[in-house]
Amino acid sequence: ADIKNFIEKSKKYRCKKGVDLIGGAWEKKSLIWLDDISSVSNFQHIEEAKEARLHSGFCYPILSNQKVVAIFEFFSSDLQEKDKKLLKML
């Protein structure tokens with residue numbers, strides 16, 4: 001799988017509140033989990049994700065005084081259902 005293209009596009013990406021996985025987590029101030037990213041209509045670099053064979057992902061915003069100060073974004077090459085144990089830790 002060619003993940004280099006996905007990584008390069010991700011480095012250049014500037015998120016907008018409410019758009020894409022990161023923007024959704026930013027707007028909602030909560031974790032967003034996607035079992036299958038190919039089913040999301042506003043995922044900005046879906047073609048690169050498909051090339052890299054990425055299937056699932058989640059974003060977790062870090063809050064300080066109710067403001068989002070950072071967002072962690074993770075992807076998997078497997079289709080992953082929500083992991084209840086992981087969600088409890090977060």
Side-chain angles (χ1 to χ4, degrees):
D2 183 17
I3 196 151
K4 290 179 184 178
N5 194 28
F6 180 80
I7 291 169
E8 287 305 311
K9 181 136 185 189
S10 295
K11 286 179 183 178
K12 297 174 186 175
Y13 179 71
R14 300 294 172 248
C15 71
K16 297 174 186 162
K17 195 181 256 188
V19 177
D20 217 344
L21 188 56
I22 294 175
W26 179 12
E27 181 176 63
K28 294 179 180 184
K29 297 181 181 180
S30 65
L31 181 139
I32 293 182
W33 187 293
L34 300 174
D35 296 341
D36 182 3
I37 59 176
S38 68
S39 67
V40 178
S41 62
N42 71 344
F43 189 67
Q44 298 297 304
H45 37 285
I46 188 65
E47 293 307 316
E48 292 82 3
K50 285 180 182 178
E51 285 176 20
R53 296 186 179 144
L54 299 174
H55 297 288
S56 298
F58 75 93
C59 266
Y60 184 73
I62 306 301
L63 304 176
S64 175
N65 296 322
Q66 295 302 314
K67 288 188 176 185
V68 175
V69 295
I71 299 175
F72 292 109
E73 183 178 42
F74 301 90
F75 294 95
S76 173
S77 58
D78 297 322
L79 288 171
Q80 300 282 331
E81 292 183 13
K82 286 184 182 178
D83 184 328
K84 293 178 184 178
K85 288 181 183 179
L86 176 63
L87 293 175
K88 281 185 179 183
M89 289 189 327
L90 299 174

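One is the number of the first residue; the rest follow in order along the sequence.
You'll find the side chain of K50 reaches within 4.5 Å of the side chain of S38, heavy atoms only. Using a 4.5 Å heavy-atom threshold, the side chains of D78 and H55 count as separate. Residues Y60 and I71 form no side-chain contact, since every pair of their non-hydrogen atoms from C-beta on lies 4.5 Å or further apart.
Between the side chain of S77 and the backbone N or O of L54 there is no donor-acceptor pair closer than 3.5 Å. Here the side chain of K9 pairs no donor or acceptor atom with the backbone of E48 at under 3.5 angstrom.
Remark: aromatic rings of F58 and F74 are close, center separation under 6.0 Å.
With hydrophobic clusters built from ILVMFWY side chains whose heavy atoms lie under 4.5 angstrom apart, W33 does not share a cluster with L79. Hydrophobic clustering of Ile, Leu, Val, Met, Phe, Trp and Tyr side chains at less than 4.5 Å, counting indirect connections, unites L34 with I46. Taken together through direct or relayed side-chain contacts under 4.5 Å among Ile, Leu, Val, Met, Phe, Trp and Tyr, L63 and I22 form part of one hydrophobic cluster. If you chain together hydrophobic residues whose side chains sit under 4.5 Å apart, F72 and L31 fall into the same group.
The structure places SG of C59 at 8.0 Å from CG of D20, a figure rounded to the nearest 0.5 Å.
A salt bridge does not link E27 to K17: none of the charged side-chain nitrogens sits closer than 4.0 Å to a carboxylate oxygen.
Considering all non-hydrogen atoms of both residues, I32 and A25 come closest at CD1-N, 3.2 Å. Here the closest heavy-atom approach between residue I37 and residue G57 is recorded as CG2-N, 4.0 Å.
Taking the six-membered ring where tryptophan is involved, the planes of F75 and F6 are perpendicular, since the angle between them exceeds 60° and thus also 30°.
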